[in-house]
Amino acid sequence: MTIFSERLTTMQTQVEELITGRIHAIDRIVDANQWKVIRAFQQYQVSDFHFAGSTGYGYNDRGREVLDEVYAKVFGAEAALVRPHFVSGTHTIGTALFGVLRPGDKLLYITGKPYDTLHKVIGKPQDGAGSLQDFGIEYDEVDLLSDGGVDWELVRERMTPNTKVIGIQRSRGYSWRSSFTVAEIGEMVRRVKEINPAVIVFVDNCYGEFTEMQEPTEVGVDMMAGSLIKNPGGGIAETGGYIVGRRDLVEKAAYRLTAPGIGGEVGAMLGTTRAIYQGLFLAPTLVGQAVKGSVFAAAMFEQLGFITKPSWNDPRTDLIQAIQFTSADHLIRFVQGIQLAAAVDSHVVPEPWDMPGYEHPVIMAAGTFIQGGSLELSADAPIREPYIAYMQGGLTYSHVKFGVLTALDQMINSHLL
Ligand SMILES: *Cc1c(COP(=O)(O)O)cnc(C)c1O
């Protein structure tokens with residue numbers, strides 16, 4: 001049975017031929033990361049009884065302790081804090097930053113404005129919200145240069161003696177910039193430490209895990225955080241986040257998550273443990289599936305004359321595929337097509353709406369098993385020029401292809417292509 005028109009099926013075949021080399025390269029990354037994860041499980045002798053979970057205080061939860069060790073090993077870090085008690089990526093990143101920053105310290109982001117949800121965490125002086133700036137932590141950011149690089153001249157100027165933490169966002173998030181590869185982040189660490197070796201380099205690793213052979217903590221980053229409903233949760237972890245890095249810093253973050261003196265030694269896992277382990281086990285392979293899907297999507301849309309970022313042939317360091325359309329109609333049809341291709345909630349038709357915190361109406365497709373799970377195929381687009389849709393995820397490569405072809409089919413039926 002062919003579901004799609006001959007025109008689309010022919011295009012699919014051509015594109016799959018075109019991207020063969022890239023797909024093989026992704027398989028090599030998957031193997032490296034999959035084997036790294038398995039070896040970490042083996043080293044710490046992960047056993048069935050580790051999955052049992054705990055209740056109450058969760059004292060001596062061996063599964064939780066070993067989970068932290070396994071994460072630390074996988075990310076090449078001294079220590080880790082992996083918990084279902086982190087409600088989101090934002091909460092995890094916020095906990096890491098609040099953990100290490102003190103009144104009078106300065107946080108300097110060197111990769112431009114951070115991800116939207118972090119703006120309120122950083123806050124404003126005296127905003128009464130208990131934000132970083134409300135607590136007397138100074139904040140500044142250095143915009144990226146027009147070529148997408150770090151503006152080192154300004155960084156040097158803004159790195160004052162009280163600058164305690166340098167913030168780096170690996171993924172483009174929802175902006176039309178390039179994401180930073182692990183090699184580029186390593187270079188940033190080197191340059192920042194040249195200016196002040198004592199500064200803590202923090203990386204927001206959301207969407208980046210397992211897209212490359214190495215992680216930022218393997219190239220000198222001091223502390224890093226991410227979400228379990230993105231890459232490292234492997235589509236299985238139901239909630240949570242992780243912080244990895246230097247032991248002293250991870251401990252401070254643990255004090256912030258629970259309480260000083262208590263840290264990571266308590267916290268009932270409430271039956272979440274097995275899924276977090278299994279998710280980590282699956283993550284390298286599922287991230288590979290999603291990345292293959294992104295390469296396929298980029299190649300298909302480029303064949304049709306659209307501008308994509310990254311291009312199908314560019315190196316990748318995160319899940320996000322940006323596609324620039326020529327009209328709001330294209331954008332809406334594309335997002336609706338992705339929803340229509342979902343296994344869950346395919347009967348729902350997304351419409352643009354005025355989402356709190358956004359200046360323009362936003363349309364989102366998310367037919368996911370885990371609410372908001374963005375290792376699963378999803379797409380978002382603010383309805384404004386230059387009409388960029390951001391798609392990410394896909395638990396299976398085949399599903400991403402189905403999504404892209406369905407979206408294109410929708411666009412063709414609406415006489416947009
Ligand atoms: C998703 C994301 C966050 C925030 O995570 P939430 O789970 O949405 O709170 C932060 N930074 C980046 C780059 C992200 O992609």
Side-chain angles (χ1 to χ4, degrees), residues 82-98 107 109-123 131-132 141 144 148 165-182 184-185 188 202-212 215-216 221 223-235 237-244 253 257 276 279 283 287 290-291 294 309-310 316-322 355-358 362 364 366 368 370-382 388-394:
V82 188
R83 293 294 182 276
H85 313 110
F86 289 119
V87 301
S88 66
T90 306
H91 180 210
T92 315
I93 293 163
T95 304
L97 295 174
F98 272 105
L107 165 66
Y109 253 81
I110 64 169
T111 49
K113 219 170 248 330
Y115 195 76
D116 277 47
T117 56
L118 292 168
H119 299 176
K120 293 253 166 87
V121 174
I122 292 161
S131 64
L132 288 168
E141 65 198 20
L144 294 171
V165 176
I166 292 291
I168 294 171
Q169 185 178 307
R170 176 176 177 181
S171 168
R172 75 195 62 243
Y174 301 121
S175 61
W176 188 256
R177 68 150 166 102
S178 291
S179 300
F180 293 107
T181 62
V182 173
E184 286 167 334
I185 291 171
M188 289 182 206
F202 170 80
V203 166
D204 170 355
N205 202 32
C206 281
Y207 282 134
E209 299 90 352
F210 306 127
T211 57
E212 292 194 57
E215 295 294 333
V221 163
M223 193 186 204
M224 183 165 88
S227 163
L228 298 194
I229 65 166
K230 293 182 180 172
N231 309 17
E238 286 171 301
T239 186
Y242 76 89
I243 296 172
V244 291
L257 173 64
I276 298 177
V287 166
V291 175
S294 292
K309 215 177 178 113
R316 281 170 193 262
T317 188
D318 67 12
L319 296 191
I320 300 181
Q321 179 62 52
M355 215 172 122
Y358 291 82
V362 177
M364 294 183 167
T368 56
I370 304 281
Q371 189 190 90
S374 43
L375 178 56
E376 300 186 53
L377 181 59
S378 45
D380 316 66
I388 296 162
Y390 298 91
M391 64 168 276
Q392 62 272 316

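For the numbers below, each heavy atom of this structure counts, side chains included, while hydrogens, waters and symmetry mates do not. Start at 1 and go down the list; that is how both ligands and their atoms are numbered.
When every heavy atom of Ile370 is checked against every heavy atom of Gly235, the shortest pair comes out as CG1-O, 4.0 Å. Of all the heavy atoms in Arg170 and Glu212, the pair that sits closest is NH2-OE2, 3.7 Å. When every heavy atom of Val221 is checked against every heavy atom of Met224, the shortest pair comes out as CG1-CB, 4.4 Å.
In this structure, a donor-acceptor pair under 3.5 Å is absent between the side chains of Gln392 and Ser294.
Checking side-chain atoms of Thr211 against main-chain N and O of Thr317 turns up a donor-acceptor pair under 3.5 Å.
Protein residues having a heavy atom under 4.0 Å from any atom of ligand 1 are Ser88, Gly89, Thr90, Ile93, Tyr115, Thr117, Gln169, Asp204, Cys206, Tyr207, Lys230, listed by chain and number.
For the salt bridge (charged side-chain N to carboxylate O under 4.0 Å, His left out) test, residues two or more places apart in sequence or in another chain that qualify with Arg83 are Asp68.
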